[in-house]
Amino acid sequence: MSRINDGAGPSTGGHGNNRPPPKTRTGRKYSYTKLCDVKVRTTVNLYAAVKFFKPPFPSRGTDYCMVVRLVDPSLDDLNEGLKCLFFAKEESLLPQIYSIGDIVRIHRLKVDNYRGAPQGNKGPGFSCLVFDGRQGAPTQPRSDSQNFTFEPEDEEKVLELRQWVTLTPELNVMTSDCPTLADVEEGQYYDLSCQIVSMARVDETCVLFQVWDGTIPAVPFRKAEFHGLSLDQKDDLVQKVKGHLVDVFIFDNHVSTALKFKPGDFVRIQNLHVAKYKPPDNEAGQSDELVEFVVHKGTSFGRGLTALSSDHPNFKDMESVMKQVIERSTAADLPTSEQHETDTAAHGPVKRATTGESLDQNSEGMLVDDTDGNVQQGNSMDQEQDSNVQERDNTVQQGDSTAQGSNVTHERDSNVQKGSSNLNEKNSIVPEEGSLVSSSNSTDRRCLQETGTVITGHHHITVTPIHAVLTHYTPFKFRLKAQLVDYSPRDVREFCLLFCYACNYCIEIPSSLKQKDCQKEGRQHSHSSFPCLWCKKTQSRNTECAVVPTMQYIYVVKFILDDGTGSLEAHMWKEHAEVFFKDLPPCNLYQRQEDRQVLSDYMHQLCPGAASQTAAPWMECCIMSYTVKDSGPALYQIFDTSLALEAA
DNA sequence: GCTTAGGGTTAG
């Protein structure tokens with residue numbers, strides 16, 4: 001019998017240990033077996049790293065099944081290791097393994113013989129904790145059961161194994177190999193993290209997912225034909241991520257798994273095949289060579305779909321890229337105040353970033369269609385920008401003489417009159433700090449003394465209530481008096497982004513520039529040391545060598561304004577934001593504590609929040625409304641507005 | 001009630 005050597009420790013009563021379990025005050029003591037010492041027909045506890053895993057899939061029996069191969073430093077050959085086979089009624093009762101390189105602590109693994117080799121199975125009282133295998137990640141265990149022990153020495157074991165994982169190339173794949181849609185090549189298989197935006201049942205054997213991960217494939221790919229299909233989609237997301245969507249065809253045994261997901265869910269697709277598309281004969285020759293994204297039948301190589309946890313190693317990176325895309329698609333809708341400039345580079349910056357991607361797709365032969373072709377979208381946005389500018393100018397002229405709808409009075413009152421040309425606005429004097437307070441206009445002075453912000457022009461325009469702004473046609477300019485009820489981002493360090501004035505590419509401040517020891521960044525205002533990766537990428541394609549422009553800091557902030565008649569979301573950025581923040585230049589706010597403090601003080605005064613006894617001051621501000629698409633929602637931007645507060 | 005799958009690509 002194998003009792004003496006069962007190795008499983010003391011945690012289950014009466015399983016054959018000769019001595020009573022040694023206990024500590026906080027829990028039981030376990031002994032752990034090195035993989036090189038594991039013998040068949042024993043039950044063991046062990047610490048190990050995941051070398052391979054097949055995520056849970058429904059078996060033909062009653063349970064979910066999962067296959068794992070474990071390794072540890074005791075093995076001479078990492079191709080060896082212990083294969084394990086686990087069954088459970090639910091996926092949540094199986095080891096919560098997300099990635100190769102994850103670290104597991106398993107208690108009561110029963111080791112049997114299968115075809116002459118050891119195979120780990122669940123023994124009575126089996127339990128498994130899983131830890132992120134990356135150094136520096138939280139040591140929070142992911143458990144397959146409600147009750148488990150986790151002692152400081154467990155954490156030590158995890159940290160020790162992490163070092164080994166980090167130094168073992170076969171295991172630290174997460175740091176080197178995080179494929180995105182942008183990386184895929186024809187014929188290859190990928191484990192991809194993404195978000196489902198739309199889905200449809202194609203037939204009995206196939207489900208279609210439309211997914212995105214924030215990137216765009218470089219290879220042209222097949223798009224599904226939707227006639228006759230009912231598409232279940234997350235509407236708000238569809239609008240924002242058009243041009244980033246990829247169609248994934250999911251077959252056979254994965255259909256039931258696929259149907260458990262819903263639009264908006266994050267999913268991990270393992271073994272996604274980027275297959276060369278063979279069009280049917282009647283379509284042959286119609287298009288360039290395409291790939292199609294397919295999840296074939298079977299579970300080979302861990303093929304399957306699993307819910308993507310927010311603590312999956314891929315999640316944060318993907319989320320950050322997605323956020324930037326959405327921010328850009330939202331901010332892309334901002335007009336600039338530089339309508340008068342003839343320089344074509346004076347398009348809205350964030351908008352331009354989207355266009356840049358479109359151009360890139362174009363050069364890569366990206367296939368587009370009428371419904372969500374980013375190329376078309378990008379090109380037409382430029383046109384729209386131009387027409388939008390004209391329209392806005394026209395409106396300025398029309399406003400006085402045109403009465404539309406029920407807001408005639410407001411329209412007239414709030415209209416920027418003919419005399420106030422765009423050029424005048426552009427050149428409107430931005431006063432020195434506090435100079436507005438001593439304005440010679442007595443009416444203004446009375447107003448300024450009681451508000452947190454002042455307008456730097458358009459004083460002849462009367463105030464429009466927000467409810468009227470919200471129902472007004474666009475584009476239009478208004479003067480508001482409202483309070484700041486919320487703003488975004490809440491962390492002032494994120495008030496500034498990096499922006500390339502050459503290509504209008506916009507990104508969040510990268511981690512390398514956030515570091516404390518980045519002295520250079522700390523001293524600089526506005527200019528960063530960070531090269532524009534977009535320009536670099538484009539240049540490396542087009543020319544041999546060219547100077548890569550460095551990116552500059554700009555403000556991009558969103559305000560929620562409320563005046564009691566309604567609330568309105570308005571963006572503020574670039575020069576408008578600099579004027580607003582009393583000419584405090586944008587900078588790396590991760591580095592410049594003093595600027596951060598000033599901005600924090602301003603924001604705290606403007607928006608004390610619900611917990612504060614202090615009421616938010618009223619803000620005088622100028623906003624302009626606009627739309628990107630004719631039918632699109634009205635968007636708002638703050639301009640010609642400046643703080644009338646002193647930093648504490 | 002005691003299986004299921006037992007890593008190593010579909011072929012749309």
Side-chain angles (χ1 to χ4, degrees), chain A residues 40 48-71 77-91 93-95 97 99-102 104 109-124 126 170-171 173 179 184-192 200-209 221-225 229 247-258 269-284 290-306:
Chain A
V40 295
V50 175
K51 171 77 186 331
F52 166 84
F53 72 109
K54 193 183 266 199
F57 60 94
S59 73
R60 273 179 269 192
T62 59
D63 295 349
Y64 282 88
C65 178
M66 128 171 256
V67 178
V68 184
R69 182 194 290 271
L70 300 174
V71 292
D77 181 359
L78 291 189
N79 292 319
E80 296 302 313
L82 182 61
K83 275 193 246 183
C84 300
L85 184 64
F86 302 127
F87 290 100
K89 293 273 176 270
E90 292 173 30
E91 291 174 76
L93 302 176
L94 286 165
I97 293 167
S99 165
I100 288 167
D102 276 354
V104 297
L109 183 78
K110 190 155 75 73
V111 184
D112 296 319
N113 178 344
Y114 176 70
R115 294 193 177 179
Q119 182 185 68
N121 300 100
K122 284 184 166 188
F126 174 91
E170 300 98 308
L171 299 177
V173 291
V184 302
E185 294 171 17
E186 181 188 296
Q188 303 299 306
Y189 293 83
Y190 299 91
D191 298 341
L192 190 84
R201 183 82 188 248
V202 178
D203 57 37
E204 281 302 301
T205 67
C206 183
V207 167
L208 170 73
F209 277 1
F221 59 90
R222 175 190 171 201
K223 287 179 166 285
E225 304 203 4
L229 293 184
D247 292 348
V248 179
F249 301 88
I250 298 156
F251 289 97
D252 299 315
N253 56 309
H254 306 294
V255 165
S256 62
T257 317
I269 305 178
Q270 281 198 210
N271 199 241
L272 175 69
H273 190 194
V274 182
K276 182 173 179 175
Y277 176 59
K278 290 175 217 149
D281 289 342
N282 58 344
E283 286 179 22
L290 304 178
V291 299
E292 57 180 351
F293 296 93
V294 187
V295 181
H296 296 294
K297 73 175 167 205
T299 61
S300 301
F301 284 84
R303 186 180 307 128
L305 310 170
T306 45

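Quick note on labels: first sequence line is chain A, next is B, and so on, each numbered from 1.
A gap of 22 Å separates the C1' atoms of B:dG12 and B:dG8, to the nearest Å.
The side chain of A:R60 contributes no N or O atom lying less than 4.0 Å from OP1 or OP2 of B:dT3.
In this structure, B:dG7 shows a glycosidic angle more than 90 degrees from zero, which is the anti conformation.
Contact between A:E170 and A:K51 at its shortest, heavy atoms only, is CB-CE, 3.9 Å. Across every non-hydrogen atom of A:K89 and A:D63, the tightest pair is NZ-OD1, 2.6 Å. In plain terms, the two heavy atoms of A:H254 and A:R303 that are nearest each other are CE1-O, 3.5 Å.
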Between protein and nucleotides 6-12 of chain B, map the contacts as a letter string: B base, S sugar-phosphate only, - none, heavy atoms under 4.0 Å, written 5' to 3'. BBBBBSB
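Between A:F86 and A:F126, the ring planes lie tilted relative to each other; the angle falls in the 30° to 60° range.
Partners of A:Y189 according to the side-chain contact (heavy atoms from CB on, under 4.5 Å) rule, which considers only residues two or more places apart in sequence or in another chain, are A:N271, A:H273.
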